[in-house]
K.L.:
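Next up is a structure, given as structure tokens.
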Amino acid sequence: QVQLVESGGGLVQPGGSLRLSCAASGIIGIANTMGWYRQTPGKQRELVATITRSGSTDYADSVKGRFTISTDNWSSTVYLQMNSLKPEDTADYYCNAGIRAVYVLDYWGKGTRVTVSS
């Protein structure tokens, strides 16, 4: 079983920075893509950033130029560096590990809360 544990969330002022971490364990090497998603109350979970084994990245338009996703030893640890934070970035952030092969499978962490407020 794959386990994903997020950390690094908290309260930050607008314009500030925060770095989220996702520690992965289990049979995680099979994952093709790692990513971060976020969700606010009553809303659907949305993609924030993804990274593939080859290093290719993709970002939501709302975070381009402000957020950066990276990994250590591929999927063992995934980071999300968040700069120039805005109140609308407030959400629960979830780590994701995805298998994109002849079948599709996703694993999720429990989330870490990010609050951007004065």
Side-chain angles (χ1 to χ4, degrees):
Q1 182 180 357
V2 172
Q3 291 185 325
L4 305 173
V5 181
E6 303 96 335
S7 62
L11 175 65
V12 63
Q13 295 184 340
S17 298
L18 206 60
R19 188 193 190 208
L20 305 184
S21 297
C22 172
S25 62
I27 308 175
I28 194 65
I30 194 174
N32 303 118
T33 181
M34 302 293 295
W36 288 93
Y37 291 69
R38 66 187 181 187
Q39 186 172 23
T40 55
K43 305 296 182 181
Q44 293 290 97
R45 191 169 299 182
E46 66 174 348
L47 181 149
V48 175
T50 60
I51 186 169
T52 68
R53 190 182 295 272
S54 65
S56 179
T57 58
D58 188 38
Y59 297 91
D61 289 340
S62 60
V63 307
K64 286 182 179 178
R66 300 189 298 120
F67 291 9
T68 303
I69 187 171
S70 62
T71 67
D72 281 346
N73 295 317
W74 173 226
S75 58
S76 61
T77 308
V78 186
Y79 305 97
L80 184 68
Q81 179 65 48
M82 305 185 292
N83 299 323
S84 302
L85 284 162
K86 306 174 181 179
E88 49 263 46
D89 293 319
T90 296
D92 290 330
Y93 284 72
Y94 298 87
C95 183
N96 166 266
I99 298 173
R100 304 289 184 267
V102 293
Y103 58 93
V104 177
L105 184 63
D106 287 283
Y107 298 92
W108 298 93
K110 292 182 175 61
T112 185
R113 183 162 294 175
V114 173
T115 302
V116 185
S117 176
S118 299

K.L.:
Testing the basics here: between S70 and I51, what is the closest heavy-atom pair and its distance to 0.1 Å?
P.N.:
CA-CD1, 4.3 Å
K.L.:
Could you state whether V116 and Y94 fall into the same hydrophobic cluster, counting links through intermediate Ile, Leu, Val, Met, Phe, Trp or Tyr residues with side-chain heavy atoms under 4.5 angstrom apart?
P.N.:
no
K.L.:
Restricting to ring-ring contact (aromatic ring centres under 6.0 Å, His included), what partner residues turn up for W74, sequence neighbours left out?
P.N.:
none
K.L.:
Do V5 and V78 share a hydrophobic cluster (ILVMFWY, side-chain heavy atoms under 4.5 Å, transitive)?
P.N.:
no
K.L.:
Atom OG1 of T77 and atom CE of M34: how far apart are they, to the nearest 0.5 Å?
P.N.:
9.0 Å
K.L.:
What is the minimum heavy-atom distance between R66 and S84, and which atoms define it?
P.N.:
NH1-O, 3.0 Å
K.L.:
Evaluate the criterion side-chain contact (heavy atoms from CB on, under 4.5 Å) for residue pair L11 and S117; output intermediate values, then yes/no.
P.N.:
CA-CA 7 Å; L11 175 65; S117 176; 4.2 Å; yes
K.L.:
If you apply the rule side-chain contact (heavy atoms from CB on, under 4.5 Å), what do you find for D89 with V114, and how did you get there?
P.N.:
CA-CA 8 Å; D89 293 319; V114 173; 5.5 Å; no
K.L.:
Using a strict 4.0 Å threshold on nitrogen-to-oxygen distance, state whether E6 and K110 make a salt bridge.
P.N.:
no
K.L.:
Drop me the distance from D58's CG to L47's CG, to the nearest 0.5 angstrom.
P.N.:
6.0 Å
K.L.:
Any side-chain donor paired with an acceptor under 3.5 Å for T52 and S54?
P.N.:
yes
K.L.:
Could you measure the distance from the OH atom of Y79 to the OG1 atom of T71? Nearest 0.5 Å is fine.
P.N.:
9.0 Å
K.L.:
Does anything in residues 26-82 form a disulfide (SG to SG under 2.5 Å)? List the pairs, not counting sequence neighbours.
P.N.:
none
K.L.:
Sequence neighbours excluded, which residues qualify as side-chain hydrogen bond (donor to acceptor under 3.5 Å, both in side chains) partners of R113?
P.N.:
D92
K.L.:
So with a 6.0 Å cut-off around CD of Q13, is the heavy-atom count from everything else above 12?
P.N.:
no
K.L.:
About how many Å separate OG1 of T112 and CG of L18, when rounded to the nearest 0.5 Å?
P.N.:
8.0 Å
K.L.:
Looking at N83 and S17, what are the two nearest heavy atoms and their distance?
P.N.:
OD1-OG, 2.9 Å
K.L.:
Are the charged groups of K64 and D61 less than 4.0 angstrom apart, N to O?
P.N.:
yes
K.L.:
Minimum heavy-atom separation for A91 to R38, with atom names?
P.N.:
CB-CB, 3.8 Å
K.L.:
Heavy atoms only: give me the nearest I69-T57 pair and the separation to one decimal.
P.N.:
CG2-CG2, 3.8 Å
K.L.:
Below 30° counts as parallel, above 60° as perpendicular, anything between as tilted: where do the rings of W108 and Y37 land?
P.N.:
perpendicular
K.L.:
With a sphere of 6.0 Å drawn around CD of Q44, does it hold more than 12 non-hydrogen atoms of other residues, nucleotides or ligands?
P.N.:
no
K.L.:
Calculate, to the nearest 0.5 Å, the distance between atoms CG and CD1 belonging to D106 and I99 respectively.
P.N.:
8.5 Å
K.L.:
Can you measure from OG (S62) to CD (E88) and round to the nearest 0.5 angstrom?
P.N.:
8.5 Å
K.L.:
Taking all atoms of both residues into account, what is the closest heavy-atom pair of V48 and L80, and its distance?
P.N.:
CG1-CD2, 4.2 Å
